[in-house]
**Q** 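There's a structure below that I have some questions on.
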Amino acid sequence: DQLAVDNLITAYPNPAIDNITVKLEFTKPYENVKLRLIDNLGRTAYAKEISEQITKYTGLINVSAFAAGNYRLQIETIDGQRSVPVVIVK
């Protein structure tokens with residue numbers, strides 16, 4: 001299922017060189033939220049699970065060691081998932 005669009009998912013700067021800030025704003029509390037950064041071959045380059053209950057979250061992903069290219073930041077909750085495009089440049 002698709003996570004409703006009124007749940008805000010932001011990744012910046014985009015394109016990124018060293019770090020990506022991930023900002024989530026949900027319309028209701030979620031726990032066990034999964035964050036994944038997936039490359040264009042479908043491989044998971046980064047994964048994190050936020051186990052505590054959140055409605056808002058801001059976190060940093062260090063991408064300085066990642067290859068340049070197109071990625072998807074995938075957010076998954078019990079109600080569904082959604083992806084936003086992220087570009088990493090060198």
**Q** Given side chain to side chain contact (heavy atoms under 4.5 Å, CB included), test I88 with N70 step by step and report yes or no.
**A** CA-CA 6 Å; I88 297 175; N70 296 313; over 6 Å; no
**Q** Report the residues that fulfil side-chain hydrogen bond (donor to acceptor under 3.5 Å, both in side chains) with R36, sequence neighbours left out, ordered by chain and then residue number.
**A**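 Residues passing side-chain hydrogen bond (donor to acceptor under 3.5 Å, both in side chains) with R36: Q74, E76.
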**Q** Within this structure, what is the CG-CD1 distance for the pair L73 and I61, rounded to the nearest 0.5 Å?
**A** 5.5 Å
**Q** When the side chains of residues 21-32 are checked against the rest of the protein, which donor-acceptor pairs come out under 3.5 Å, sequence neighbours left out?
**A**
| residue | atom | partner | partner atom | Å |
| --- | --- | --- | --- | --- |
| T27 | OG1 | N7 | OD1 | 3.3 |
| K28 | NZ | D79 | OD2 | 2.8 |
| Y30 | OH | D79 | OD2 | 2.6 |

**Q** Quick one: do Y57 and V84 end up in the same hydrophobic cluster if we chain Ile, Leu, Val, Met, Phe, Trp and Tyr together by side-chain heavy atoms under 4.5 Å apart?
**A** yes
**Q** Given side chains that start at C-beta, do those of I54 and E52 come closer than 4.5 Å, heavy atoms only?
**A**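 I54 reaches E52 side chain to side chain.
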**Q** Any link between I38 and I75 through a network of hydrophobic side chains (Ile, Leu, Val, Met, Phe, Trp, Tyr) touching at under 4.5 Å?
**A**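 Hydrophobic grouping puts I38 apart from I75.
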**Q** With respect to V63, which candidate in L37, D18, V89, I17 satisfies the side-chain contact (heavy atoms from CB on, under 4.5 Å) definition?
**A**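 Going through the options one by one, the only one that passes is L37.
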**Q** Got N14 and V87 here, is their nearest side-chain heavy-atom distance under 4.5 Å?
**A**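 Side-chain contact under 4.5 Å: yes.
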**Q** Just wondering, are more than 12 heavy atoms of other shown residues or ligands nearer than 6.0 Å to NZ in K90?
**A** yes
**Q** Within a reach of under 6.0 Å around CG of D1, are more than 12 heavy atoms found that belong to other residues, nucleotides or ligands?
**A**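 Incorrect, the count does not exceed 12.
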**Q** With side chains defined as the heavy atoms from C-beta onward, is the minimum distance between T44 and D39 less than 4.5 Å?
**A**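 T44 does not reach D39 side chain to side chain.
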**Q** Could you give me the CA-CA distance, side-chain angles and deciding distance for E49 and V33, then say whether side chain to side chain contact (heavy atoms under 4.5 Å, CB included) is met?
**A** CA-CA 6 Å; E49 185 167 336; V33 176; over 6 Å; no
**Q** Is it the case that atom CD1 in I78 sees more than 12 heavy atoms from other parts of the structure closer than 6.0 Å?
**A**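 Not buried by this count: 12 neighbours or fewer within 6.0 Å.
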**Q** Taking all heavy atoms of Y71 and all of A45, pick out the closest pair and write down the distance.
**A**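 Closest approach of Y71 to A45: CE2-CB, 4.0 Å.
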